[in-house]
There are 2 protein chains.
Amino acid sequence: MTHRTVGHPAGLPDDPHANVTAPTPACPVEITLAALHGRWTTLVVRELLRGDRSYSELRAALPTLSDKVLSDRLAQLGEAGVVERDRRPGWPPRVRYALTPHGHRLGPVLQALWDWGSGGPEPRGRG
Amino acid sequence: MTHRTVGHPAGLPDDPHANVTAPTPACPVEITLAALHGRWTTLVVRELLRGDRSYSELRAALPTLSDKVLSDRLAQLGEAGVVERDRRPGWPPRVRYALTPHGHRLGPVLQALWDWGSGGPEPRGRG
DNA sequence: CTGAATCCCTGCCGATACTG
DNA sequence: CAGTATCGGCAGGGATTCAG
């Protein structure tokens with residue numbers, strides 16, 4: 001998103017992205033939101049924060065998530081460096097999905113999202 | 001999103017949303033992501049974190065943002081309890097937009113998004 | 001100056017069917 | 001078991017136009 005102004009302790013004072021005037025994929029905020037973007041994404045991440053999972057374990061944990069979207073999400077999270085795919089030889093095919101170290105660091109991010117969302121006057125139906 | 005598992009200090013241990021198996025608007029994570037959802041949204045919030053703004057000041061700060069999307073975003077942020085609209089009498093019409101206290105608390109959230117996005121092996125083009 | 005209404009195009013997501 | 005291919009519906013967002 002291209003911020004700054006957020007009030008960082010000390011760092012990133014002159015990051016050019018902090019003053020962008022249009023959405024750009026290079027902005028750190030955009031990068032994170034892109035990693036988490038789309039329906040089901042955060043639930044998949046939550047599931048993997050609990051431990052590594054197979055494809056069918058993920059389907060079992062999220063029963064109404066379609067194959068297409070699940071593989072879309074796993075690919076998206078792989079591209080973002082959040083999830084690692086571990087294929088093991090033999091039959092039947094066994095594949096394990098696990099968070100990378102970088103992926104694990106989404107924990108505090110999701111916590112911040114959780115905290116804000118549970119913290120206040122959320123909607124304002126009318127006034 | 002419906003988490004928990006994120007590793008909270010102590011709170012919210014048995015929040016039912018923590019174990020949801022499908023996306024639900026009631027989940028705190030979803031609430032926050034909904035508030036920030038959509039193109040331009042975080043940039044509008046960043047601008048307001050710097051201080052209150054008029055409609056045309058926002059347009060000036062974000063020159064390629066269309067009227068439709070700007071008013072959509074301001075309405076969305078209003079519904080989410082992030083932004084407050086302050087209409088002042090007289091002519092020409094003067095309206096000021098400012099963050100609510102709850103809106104100001106998005107600062108740390110955006111900071112967390114910024115930090116993760118600037119922090120790691122972001123994409124993995126191929127390997 | 002501050003918006004709301006409309007139009008159209010694009011991309012997301014869900015369901016279904018098929019492959020290795 | 002672990003996915004990919006295809007299709008259709010719907011919502012998001014940009015440009016333009018109109019209104020208070």
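Letters A, B, ... are given to chains in the order of the sequence lines, protein chains preceding strands, and every chain is numbered from 1.
Every residue two or more places apart in sequence or in another chain that forms a side chain to side chain contact (heavy atoms under 4.5 Å, CB included) with Ser56(A) is listed here: Ser54(A). In terms of the side chain to side chain contact (heavy atoms under 4.5 Å, CB included) criterion, residue partners of His104(A) (sequence neighbours excluded) are, by chain and number, Leu49(A), Leu99(A). Judged as a side chain to side chain contact (heavy atoms under 4.5 Å, CB included), and not counting sequence neighbours, the contacts of Glu47(A) are Arg50(A), Arg53(A), Leu58(A), Ala61(A). Every residue two or more places apart in sequence or in another chain was checked for a side chain to side chain donor-acceptor pair (under 3.5 Å) with Arg94(A), and none qualifies.
Bending across the helix from dC1(C)-dG20(D) to dG20(C)-dC1(D), expressed as the angle between its end axes from five pairs apiece, amounts to 40° (10° rounding).
Between the side chain of Gln76(A) and the main chain of His37(A), a donor-acceptor pair closer than 3.5 Å is present. With hydrogens and angles disregarded, a donor-acceptor distance shorter than 3.5 Å links the side chain of Trp116(B) to the backbone of His102(A).
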Under 4.0 Å protein heavy-atom contacts per nucleotide of nucleotides 2-18 of chain D, with B for base, S for backbone only and - for none = SBB-B------BBB---
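In this structure, Glu30(B) and Leu33(B) have side chains that are not in contact, with every pair of non-hydrogen atoms separated by 4.5 Å or more. Residues Val44(A) and Tyr97(A) form no side-chain contact, since every pair of their non-hydrogen atoms from C-beta on lies 4.5 Å or further apart.
The salt bridge (Lys or Arg N to Asp or Glu O under 4.0 Å) analysis of residues 95-109 of chain B, with sequence neighbours excluded, yields the pairs Asp52(B)-Arg96(B), Glu57(B)-Arg96(B). Note on residues 60-70 of chain A: pairs passing salt bridge (Lys or Arg N to Asp or Glu O under 4.0 Å), not counting sequence neighbours, are Arg59(A)-Asp67(A), Lys68(A)-Asp72(A).
Mapping heavy-atom proximity under 4.0 Å, the span of DNA chain C touched by chain B runs 5' to 3' from dC1(C) to dT6(C).
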